[in-house]
Chemist: 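Handing you a structure now.
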Amino acid sequence: MEWETVIGLEIHAQLNTVSKIFSGAPTAYGAEPNRQACPVDLGMPGVLPVLNQGAVERAVMLGLAINAEITPRSVFARKNYFYPDLPKGYQISQFELPIVGLGHLDIELEDGTIKRVGVTRAHLEEDAGKSLHEGFEAMTGIDLNRAGTPLIEIVSEPELRSAKEAVAYMKKLHSLVRYLDICDGNMQEGSFRCDANVSVRPKGQTEFGTRAELKNLNSFRFVERAINFEVERQIDLIEGGGSVVQETRLYDPDRDETRSMRSKEEANDYRYFPDPDLLPLVVDHAFIDSVRAKLPELPDAKRARFVEQYGLSDYDAGVLTATREMGDFYEAVAGGCDAPKLAANWVMGDFSAALNRSEVELKDAPVNADGLAGLLARIQDETISGKIAKEVFEAMWNGEGNADAVIEAKGLKQITDTSAIDAIIDDVMASNPQQLEQYRGGKDKLFGFFVGQVMKATQGKANPAQVNERLKAKLDG
Amino acid sequence: MAQETLSGWVRKLQAREISSRELTQLYLDRIERLDPQLNSFITVTAEQALAQADAADARLAKGEQSPLLGVPVAQKDIFCTEGVRTSCGSRMLDPFVSPYNATVVERMNAAGAVMLGKTNMDEFAMGSSNETSFYGPVRNPWDTERVPGGSSGGSAAAVGARLVPGATGTDTGGSIRQPAAFCGITGLKPTYGRVSRYGMIAFASSLDQGGPMAATAEDCGRMLNAMAGFDERDSTSVERPEEDFTAGLEQDLKGLRIGLPTEFFGEAGLDERVRGVIDAAIEVLKGRGAEVREVGLPNSHLSVPAYYVVAPAECSSNLARFDGVRYGYRCENPEDLMDLYTRSRGEGFGDEVKRRIMVGTYVLSAGYYDAYYLKAQKVRRIIADDFRRAFEDVDVLLAPTTPELPFALGAKADPVSMYLSDIYTIAANLAGLPAMSLPAGEIDGLPVGLQLIGNYFDEARLLGVAHQYQQETDWHARVPAAFA
């Protein structure tokens, strides 16, 4: 039987506000346990939440970026359950009336087609603290620094049909939140995490199969592997005469498998009700307009513009707009050297390779956009060849100075003086009489040999076009 | 000496006829001597009070005129007080010392008040007799075999016995007004949102409101001046221009339209003698120029059922934070997490609190939410609409505060009969309206309270009507003989 996979993703993105969603405590990551938790975060008796306007602004920004309806009057609700890292015994979230309603996101499939994926809703909520199970001898430590950190939970429609589509959707959203500068996207620190609802059904069937919810998917790779494992598990189960039960499953990356956490019967009844400590959140047109005015150029628009403005291929434009930083970097390089295609090749080629090799972030790269543009300008004005440029770039990356300084220090300036090139050619011809004779006797292939000899004699610095031209004239002369 | 009102003491302090230290010592002595009969205080903060008094005296010496400068007050033990145990009348918070001050405490401190201590109360403000306190029941100063009402029974008894000139209370379904009536004092529940709830331990967040309890309407106005005001830490607090709640005290009652809600004078268990007291009070107000007419609040019979859905629902969630993990009571030697939760909460909470948590958990559960919680919220709107219509025709509503006289300790073992004690007070909470109780008579040596309910933010008018009544009568000035 042919099976169809049905996936919906719930993505939690941590909003990068300075303070927490309902208190003034800082949100910075990595502080000593419980040093960034004020009485509100600790759930002290009598404390009350006050909504952080910055979190609202970021949620609206996301809503606008996915063409969603912004709910004019959304409501915060309490999700009640007991857990030691949930100080109040409830999480303040949004339930029936989320701030962001129905929207959509376009993703590119492997064959290059564009698929529109519906986003059901996105709502604001507070994060819980962390339970620390190591280092407390059979006890559990509680760190409430993260308690109250603002999150936006973005829920997709069950419209994704493969693990690859799910990853494409997640990457697109990851790129978007970083473009919008509403989330730092750091998946290792948990700033961007994902739960996947996965089910299978016979191809052609319209009803959904029973789904399992996969938790703990904190990398693109895990999302793909967990979904693939789960799809196979479900198909095997059904084909073996069994049936899928609705449950929450945890992905274990070490064993590359999903395991049951709790079934529907064990699931909590969260007893949602509107939080009486918070008034309904009213977002008016003026506020929406003010947020709209702050929206940056979004990835799809930037990509189209790069094709249009810089004459890049759609593929290259896609790569260069994958992150806002990369797009900005590319534009700075292209503008600085006035050679957009050369800039694209270098940014995607040697520069990206160096980033990967050195395992550094773009912002920390030892060669900045000005530096790279300076190098490319020297290729453009033929001071150096593309080949020599690679050597210069390595030196720049190693901190030996800017392009001009390296060229100067290493004496890499291209030889463009015709008489100098002629003199070298003469030398080469004189030292290789045998080859010269063979060439002149009709062995044209030896032309490459002479080019190589000239370049070797100049340590590659001779202008290749000039070498070709002069060599041709002299050999054939 | 102790007959003097809070306002009287303010004048004497300002005139330097007495120092704050002398006054504070006077009341501390009374508490020490007389409170064993009442149990109205959970914690007395004598040392801190004297230090505050000295600071107040220094400010008085400089000619400062803060509204409560140098006056002793007591805080209901539901308000968080930095460095002082804040128990909420519960074993659960018996070990809890608050790391911060409630806004009300902060504001009263800033106004120069001297805190003598924290008053006893029903556990987590759940009760109408003060019998649910972990610290034992409070007794009524007019008859120590009777209850002082609740949940602000400690504050009411302490003021009634003149162990303190003024105290704070909180009112979720009548918890300021009913004990004020039972103890023969004046107490005001302001409009919802008038007084910050920050640092006031939540029972039912959409109903809770802090307010003053003192001998007279003037005292209450003076205290409210210090307590009320917008607080950015409470999202439900209302931003309004500052108001002087004593400004309308001298306003005469000519042309004042008073409405008598028919339903509050009906058959529903109203003691005929209480009714007689209310009728006499109405005559006094008429004599000062007020016009009286009947009005209808046709849905008021739904108040108690709606309240006992909404309040438990909110409390079941509000009290979830008391889990033995971070502060407060923790059971001994928990075996695992579930054991920690169940025993800490099982041992830390009393029966009435558990009863309400269970009811609240039930009404919010999947499958019951619509039938109970949602329906109750609709009833709230209907009740608020009744009031809105009534206030189109009248300025103030007048009714008994409670249907009966203070009852004997242990007399209401059945929870529902206890709940019905608040039958006339709950509606104002559901609608968020300001309401007050003032002493209007005595039956068999026990005080009777008169309730006034005002339109939103009309506290000044309520206080004015009460003050005019108190110009004509002396019920508010009476002190039980054993404490005179």
Side-chain angles (χ1 to χ4, degrees), chain A residues 21-24 34 37-53 75-92 95-96 129 131 133 138-144 147 264 267-282, chain B residues 78-80 86-88 92-93 96 98-103 124 193 196-202 204-208 231-237 310 313-314 316-328 337-338 340-341 345 360-369 373-374 377:
Chain A
I21 185 168
F22 298 119
S23 83
N34 300 310
C38 70
V40 174
D41 309 321
L42 293 170
M44 281 284 168
V47 296
L48 296 170
V50 177
L51 181 60
N52 182 337
Q53 169 112 352
V75 171
F76 284 96
R78 293 184 182 179
K79 179 180 180 178
N80 295 284
Y81 64 97
F82 284 94
Y83 206 69
D85 60 23
L86 186 73
K88 298 187 293 296
Y90 57 84
Q91 178 194 29
I92 305 178
F95 186 53
E96 284 182 336
S131 294
H133 299 290
M139 307 271 280
T140 298
I142 304 294
D143 177 6
L144 295 175
K264 191 185 172 190
N268 279 311
D269 175 356
Y270 291 119
R271 290 170 283 124
Y272 280 102
F273 75 106
D275 190 334
D277 288 334
L278 290 161
L279 303 175
L281 170 55
V282 175
Chain B
I78 199 168
F79 289 99
C80 284
T86 300
S87 76
C88 224
M92 184 58 88
L93 289 180
F96 178 68
S98 175
Y100 75 102
N101 274 329
T103 298
F124 285 104
S196 170
R197 293 187 297 112
Y198 188 79
M200 191 178 106
I201 299 175
S205 314
S206 72
L207 301 163
D208 296 342
D231 180 7
E232 58 180 21
R233 292 174 296 189
D234 175 0
S235 306
T236 62
S237 103
V310 173
E314 293 183 8
S316 72
S317 177
N318 282 332
L319 271 58
R321 69 189 60 197
F322 306 112
D323 56 7
V325 173
R326 296 169 313 287
Y327 52 75
L337 182 61
M338 192 51 79
L340 170 74
Y341 282 156
R345 289 170 66 80
T361 303
Y362 179 81
V363 300
L364 288 176
S365 297
Y368 298 99
Y369 180 84
Y373 187 77
L374 220 53
Q377 291 292 17

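All figures in this text were calculated on a predicted structure; none of them were measured in a lab.
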Chemist: Contact part of A366(B) toward chain A, heavy-atom cut-off under 4.5 Å: side chain, backbone, both or neither?
Modeler: both

Chemist: Using non-hydrogen atoms only, which part of T361(B) is less than 4.5 Å away from chain A: side chain, backbone, both, or neither?
Modeler: both

Chemist: Evaluate the side-chain proximity of L364(B) to R78(A): yes if any heavy-atom separation is below 4.5 Å, no if none is.
Modeler: no

Chemist: What closest approach, in Å, do P45(A) and C80(B) show between heavy atoms, and which atom pair accounts for it?
Modeler: O-SG, 3.5 Å

Chemist: Can you tell me which portion of Y272(A) sits under 4.5 Å from chain B's heavy atoms? Options are side chain, backbone, both or neither.
Modeler: backbone

Chemist: N318(B), D323(B), T86(B), V325(B): which one forms the most heavy-atom pairs within less than 4.5 Å of chain A?
Modeler: N318(B)

Chemist: Nearest 0.5 Å please: distance from the CZ atom of R271(A) over to the OG atom of S316(B).
Modeler: 5.5 Å

Chemist: Looking at R326(B) and L42(A), what are the two nearest heavy atoms and their distance?
Modeler: NE-O, 2.8 Å

Chemist: Please classify the contact of L93(B) with chain A as side chain, backbone, both or neither, using a heavy-atom distance under 4.5 Å.
Modeler: side chain

Chemist: With only heavy atoms counted, which part of Q377(B) is less than 4.5 Å from chain A, the side chain, the backbone, both or neither?
Modeler: neither

Chemist: What is the minimum heavy-atom distance between S235(B) and P49(A), and which atoms define it?
Modeler: OG-O, 3.0 Å

Chemist: Side chain, backbone, both or neither: which part of F96(B) has a heavy atom under 4.5 Å from chain A?
Modeler: side chain

Chemist: Starting from the C-alpha separation in whole Å, work towards a yes-or-no answer on side-chain contact (heavy atoms from CB on, under 4.5 Å) for L48(A) and R197(B).
Modeler: CA-CA 8 Å; L48(A) 296 170; R197(B) 293 187 297 112; 3.9 Å; yes

Chemist: Hey, does the side chain of D269(A) reach the backbone of S365(B) with a donor-acceptor pair shorter than 3.5 angstrom?
Modeler: no

Chemist: With chain A as the partner, which of S317(B), G199(B), G324(B) has the greatest number of non-hydrogen pairs under 4.5 Å?
Modeler: S317(B)

Chemist: Quick check on D277(A) against chain B: is it the side chain, the backbone, both or neither that has a heavy atom closer than 4.5 Å?
Modeler: both

Chemist: Can you list the residues that meet the salt bridge (charged side-chain N to carboxylate O under 4.0 Å, His left out) rule with D208(B), with sequence neighbours excluded?
Modeler: none

Chemist: May I have the step-by-step check of side-chain contact (heavy atoms from CB on, under 4.5 Å) for V47(A) and Y100(B), ending in yes or no?
Modeler: CA-CA 10 Å; V47(A) 296; Y100(B) 75 102; 3.4 Å; yes

Chemist: Quick one: does P274(A)'s side chain get under 4.5 Å of Y373(B)'s, heavy atoms only?
Modeler: yes

Chemist: Quick check on F322(B) against chain A: is it the side chain, the backbone, both or neither that has a heavy atom closer than 4.5 Å?
Modeler: side chain

Chemist: Against chain A, label Y341(B) side chain, backbone, both or neither, depending on which of its atoms sit under 4.5 Å from a heavy atom there.
Modeler: side chain

Chemist: For Y368(B), I'd like to know if atom OH has over 12 heavy atoms of other residues, nucleotides or ligands within 6.0 Å.
Modeler: no

Chemist: Hey, are the side chains of P84(A) and L337(B) touching, using non-hydrogen atoms and a 4.5 Å cut-off?
Modeler: yes

Chemist: What pair of heavy atoms forms the shortest contact from F273(A) to E314(B), and how long is it?
Modeler: CE1-CG, 4.0 Å

Chemist: For Y90(A), is it the side chain, the backbone, both, or neither that has a heavy atom closer than 4.5 Å to a heavy atom of chain B?
Modeler: side chain

Chemist: S131(A): which residues meet the side-chain contact (heavy atoms from CB on, under 4.5 Å) condition with it, sequence neighbours left out?
Modeler: Y83(A), D85(A), H133(A), T140(A), I142(A)

